[in-house]
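Here's the structure we're looking at; comments come further down.
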2 protein chains.
Amino acid sequence: MEKLDKRMEELLQSEGDLTEKQRNILAAATEMFAQKGFAATSTSEIAKRAGVAEGTIFRHYKTKKDLLLSIVSPMMLKMISPFILKDINKVLDQKYERFEDFVRAMIKNRQEFLENNLQVIKVVIQEIPFHPELRDEFIKHVGQKVYQRFLETVQFYQAKGQIADIPPAMVLRYVSSVIIGYFGTKYVLTPEGWDDEKEIDEMIAFLAKGLAPV
Amino acid sequence: MEKLDKRMEELLQSEGDLTEKQRNILAAATEMFAQKGFAATSTSEIAKRAGVAEGTIFRHYKTKKDLLLSIVSPMMLKMISPFILKDINKVLDQKYERFEDFVRAMIKNRQEFLENNLQVIKVVIQEIPFHPELRDEFIKHVGQKVYQRFLETVQFYQAKGQIADIPPAMVLRYVSSVIIGYFGTKYVLTPEGWDDEKEIDEMIAFLAKGLAPV
DNA sequence: ATGTAAAGTGAGTAATCACTCACTAATTTT
DNA sequence: AAAATTAGTGAGTGATTACTCACTTTACAT
């Protein structure tokens, strides 16, 4: 666990000691990958937008794909780090008496993160279907670690009699489907007159009612 | 409405009078677009897999993008046609006493279609972020037509006292989120030991309970 | 059988692609 | 300040790209 934390820290603060030009390259590449997709973006375009010679890109990244991975891989870890870092785990496990409060805390916790990283997350989602290594990495992290951890959480609240006795995997799917639907609606469809507080309250009320024991 | 139906029929049965080579081209392109994405697939690869000269592709499709659109556009109409064709609308509106039965019928209705068109649907989902015209077309059809129609359906069951008095748009989002999560889990993650009947029963029970009036 | 239109071909084209390399500029180490 | 390491450059590379066109083959109406 110590080693994992260390490796993660490296990746999380990996943009600290970069040159300005290097940061420009990452920013330009992220923008264009998000907009046009990885395959439809040329390295010459990236160089142009970054205000950099094309050779400079390849000084830092062996291939174009290397550039993609150095944008996307750290983000995958960032996405899930709150769920598998031990100090935060303690908080998750013990703080919330009711399942509803736990869900609300999860949403708030990830909302700011989402807003600050919309573009990179867009790239991750868009490119996963085309790059098996990305898919594998995602499944390995989210599937094995986060999924297992949340399964236990569901069972915890089932044992407390707050959630009906349906298979935990189903509970998890319903909850995550509705939450993903919430974020998707908000950030992809961006409807007018959207009241965050009210949406979250109603959503959690719906989930709690649907999952309540008979 | 007559005109719409006619235009739709054209598109729906549009693969009838094609040459064998033309059908090979469409099949090969669909396969490769689904696997590698539109931008990463070359016309020479498509020609090779279709067993056809590269020039043959451009005899039938002015550009590579034209080929994509002729695969994707008819599918968009197929996806939503059951919801906006009038004869089927009658069925939807009157047949089901309970909201649960309506939802179950919707799922069964679209399940076979999904299974028969997984590849093309994959292409649609994958390419929408990169092609604004596709996004617009999708929003125009699904957003304006299907969404409005389902809003009315929700209000219908709310008036019958079967669904709680929460905003119909929220109801619609919860239901569609969970159903999309169901299809997504089944066809993207393809878990082992998946019991369709049980999954659907539990899912509908959860939705009904969560949406029931107080 | 013959004429005509449509289907199919494949070599050719300019443009663009990701990437290299010999070189200079800037930064850090000693 | 000198030496050494790293960052940055941009012209140049062969390969590949989407697409064209003069031509041949096939299908079908007369």
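Protein chains get the first letters and strands the later ones, always in sequence-line order, with residue 1 at the start of each. Below, each value reflects all heavy atoms present in this structure, side chains not excepted, and no hydrogens, waters or symmetry copies.
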Checklist line | Contacts of type side chain to side chain donor-acceptor pair (under 3.5 Å), residue B/E127, not counting sequence neighbours | finding: B/H131

Notebook entry, point to check: For the pair made of CG in A/L18 and C1' in D/dA7, what is the distance, rounded to whole Å?
Noted result: 13 Å

Notebook entry, point to check: Among all residues two or more places apart in sequence or in another chain, which pass the side chain to side chain donor-acceptor pair (under 3.5 Å) test with B/K62?
Noted result: none

Next item on the list: Do nucleotides 11-29 of chain C as a string where each nucleotide becomes B, S or -: B if the base has a protein heavy atom under 4.0 Å, S if just the sugar-phosphate does, - if no protein is that close.
Entry: ------SBBB-B-------

Note to self: Under 4.0 Å from OP1 or OP2 of D/dA7: is there any side-chain N or O of A/T56 that close?
What the structure shows: no

Item checked: Rounded interatomic separation in angstrom, taking CD from A/Q22 and P from D/dT6 -> 13 Å

Next item on the list: Could you check how far OH of B/Y61 sits from C1' of D/dT20, rounded to whole Å?
Entry: 19 Å

Note to self: Tell me the interatomic distance from A/I46, atom CD1, to D/dT9, atom P, rounded to whole angstroms.
What the structure shows: 15 Å

Item checked: Rounded distance (Å) that lies between atom P of D/dG8 and atom CD1 of A/I25 -> 7 Å

Side-chain atoms of residues 119-126 of chain A: list all donor-acceptor pairs with protein atoms under 3.5 Å, sequence neighbours left out, distances to 0.1 Å.
{"from": "A/K122", "atom 1": "NZ", "to": "A/A34", "atom 2": "O", "distance (Å)": "2.7"}

Check: OP1 or OP2 of D/dA7 less than 4.0 angstrom from a side-chain nitrogen or oxygen of A/T19, does that happen here?
Finding: no

Next item on the list: Specify the separation, in whole Å, of atom NE2 of B/H60 and atom C1' of C/dT9.
Entry: 11 Å

Check: How close or far is atom C1' of C/dA7 from atom CG of B/L26, stated in whole angstroms?
Finding: 15 Å

Check: Which residues pass the side chain to side chain donor-acceptor pair (under 3.5 Å) test with B/S42, sequence neighbours left out?
Finding: B/S44, B/E45

Check: Would A/E202 and B/R173 pass as an ion pair if we require N to O under 4.0 Å?
Finding: no

Check: Roughly, in whole Å, what's the span from CD1 in A/I57 to P in D/dA7?
Finding: 15 Å

Next item on the list: Using side chain to side chain donor-acceptor pair (under 3.5 Å) as the criterion, list what pairs up with B/K48, not counting sequence neighbours.
Entry: none

